[in-house]
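Encoded as structure tokens, the structure appears first; notes follow it.
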Amino acid sequence: MIFNVFFESCSPKPAPAPATKVKSKKPDWLGGKYMDSDHWFGIGSVAVGDSVSPKTIAIESIQKQIYHQIKKHINNEFDISDSLLDSICEQAISSRIEIIKNLTKEAKNYTDGKKKYTLLSLDKKIYSERLEKRLEELNIEDILNRIDGPPGKENFLLLSEAIQMIVGSIDFIIKKELQSKISNSKIINRVRYILNDYNDRVLFTFDPKYLNSVPISNDQQELTIRVVDNVNHMRLDSIDAYIEYGGLYDSQNWISDSTNDFSVLLPNVVSNTSYVLTIGVDYKKIFRGDYLGLFSVKQNFSTVTVIPRNIKIYSTESISTLGTGLEYSAIYDSIKSCFQDNYGAEFVDNHHQAELLMNIEVATKENMRRESRKQPFKSEAFFILSLEYRQTGNSLFSQVIAKTEALDYDFVERASIRALKDLSSSAIRSICQ
């Protein structure tokens, strides 16, 4: 018995059974339960030990929800491209990131040993009140009231400042303007009016002067560009402008200077074809974004068609008279002669030898009805010059190069005759100046 007691006391004891781990229950908010419509919620999760905070991811989630809300507001009120819509929404959300961060509150935290989770919330009412207060403090109307006079550096800076503010608060401006019954007080309409006015007033003029009426030039020719106010005809300073070469060469940017003209040597055409210069105001740079579409404004451009020297042209001579017995041949000869002098073009007699086909068309437009005898008949006459590639039939150039109008109180036919007579000399002046 003593032996047995001694043996049992010296024998190794069995290891204790492992303690059963109690798994913590995952909170319902991980699955989106118990979330209300008065708040935005964001859930962020990262692996334990990860350098990224789950709070950062949760805030980004709230920002995405607000982004989509802004997008929905804009989509309901504006017909704009997807790229412009995304650009506006990104600018709007970036302007209020700090506000979102400051108003966001940490609601819950949870870890399962492998991951850390954070739940953040943002009160929609408090958020809206803060953004509405910011919109009032911006006082965009005051900035727009300070814009006066011709387009220029100071006015464009003010306009740019106002547009940045509008884009940053676009959804709240939409809400405010929908509630307003006075259309003239609406910010969007005021900016649209200013943009359209400046868009029409900024004019690009060229040397040689004939390019202003017939914008066709040879390659390897110097082109001088001035930026002018189309209302007072004064040169404009400090206007950001650009020139593009139809995708064949890198574009150029410059800032207008009333004391120094901008000149460029036009590069060669490729494969003896042609390209089109596009000259315009660099609104994207001025406004730090492509926002014209938001205000339903279509940018005005100036274009110059560049052709090689000694290009062969065949004239279709589709009309034999200018109507009313006016001989067309003399006018055609003058235009052909000036075209040869200005562009070094060679007119050929054989259709198949030509690289380009030229067509000259005369069109008229009359008011056939009058409200009273005190209102005169009016006739407008247009001289249209067109060029197209012979082999492909693709259009290269088509533009009204001269326009005249005449009035007569008795007969519309008499007004038409006067308009056509004036048109012939006007057309010659346009291309031969």
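Note that the structure is a prediction, hence the values are computed from the model and not measured.
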How far apart are the closest heavy atoms of [X] and [Y], and which atoms are they?
X	Y	value
Ser238	Lys153	CB-CB, 3.5 Å
Ser61	Gly42	OG-CA, 3.9 Å
Gln252	Val264	OE1-CG2, 3.4 Å
Leu84	Asp290	CD1-O, 2.8 Å
Val167	Ala92	O-CB, 3.3 Å

Any chance you could lay out the side-chain contact (heavy atoms from CB on, under 4.5 Å) test for Ser53 and Val46, step after step, and finish with the verdict?
CA-CA 7 Å; Ser53 168; Val46 297; over 6 Å; no
Side chain to side chain donor-acceptor pair (under 3.5 Å), that's the test. Do Ser263 and Thr224 meet it? Break it down for me.
CA-CA 4 Å; Ser263 296; Thr224 299; 3.0 Å; yes
Verify the neighbour count for atom [atom1] of [X]: are there more than 12 heavy atoms of other residues, nucleotides or ligands below 6.0 Å?
X	atom1	answer
Asp250	CG	no
Asn394	CG	yes
Tyr193	OH	no
Gln391	CD	no
Asp349	CG	no

Are [X] and [Y] side-chain neighbours, meaning at least one heavy-atom pair lies under 4.5 Å?
X	Y	answer
Asn76	Lys72	yes
Asp123	Asp38	no
Gln221	Pro208	yes

Any side-chain to backbone donor/acceptor pair from Tyr343 onto Ile216? Under 3.5 Å, distance only.
yes
Verify whether the ring centers belonging to Tyr291 and Tyr283 lie closer than 6.0 Å.
no
Is the distance between the ring centroids of Phe339 and Tyr210 under 6.0 Å?
no
Output yes when [X] and [Y] qualify as a salt bridge under the 4.0 Å nitrogen-oxygen rule, no when they do not.
X	Y	result
Glu154	Arg146	no
Lys71	Asp86	yes
Lys336	Asp341	no
Lys176	Glu77	no
Asp171	Arg96	yes
Lys285	Asp240	yes

Please work out whether the ring planes of Phe41 and His39 are parallel, tilted or perpendicular, with thresholds of 30° and 60°.
tilted
In terms of relative ring orientation, are Phe262 and Trp254 parallel, tilted or perpendicular, with 30° and 60° separating the classes?
parallel
Going by salt bridge (Lys or Arg N to Asp or Glu O under 4.0 Å), name the residues that satisfy it together with Lys116, two or more places apart in sequence or in a different chain.
none
CA sep, side-chain torsions, deciding dist, call: Asp261, Arg226, salt bridge (Lys or Arg N to Asp or Glu O under 4.0 Å)
CA-CA 6 Å; Asp261 296 332; Arg226 299 185 185 96; 3.2 Å; yes
Which one of Asn230, Asn300, Asp229 satisfies the side-chain hydrogen bond (donor to acceptor under 3.5 Å, both in side chains) criterion with Arg201?
Asp229
Rounded to the nearest 0.5 Å, the OG1 atom of Thr104 sits from the CD1 atom of Ile59 at a distance of 5.5 Å
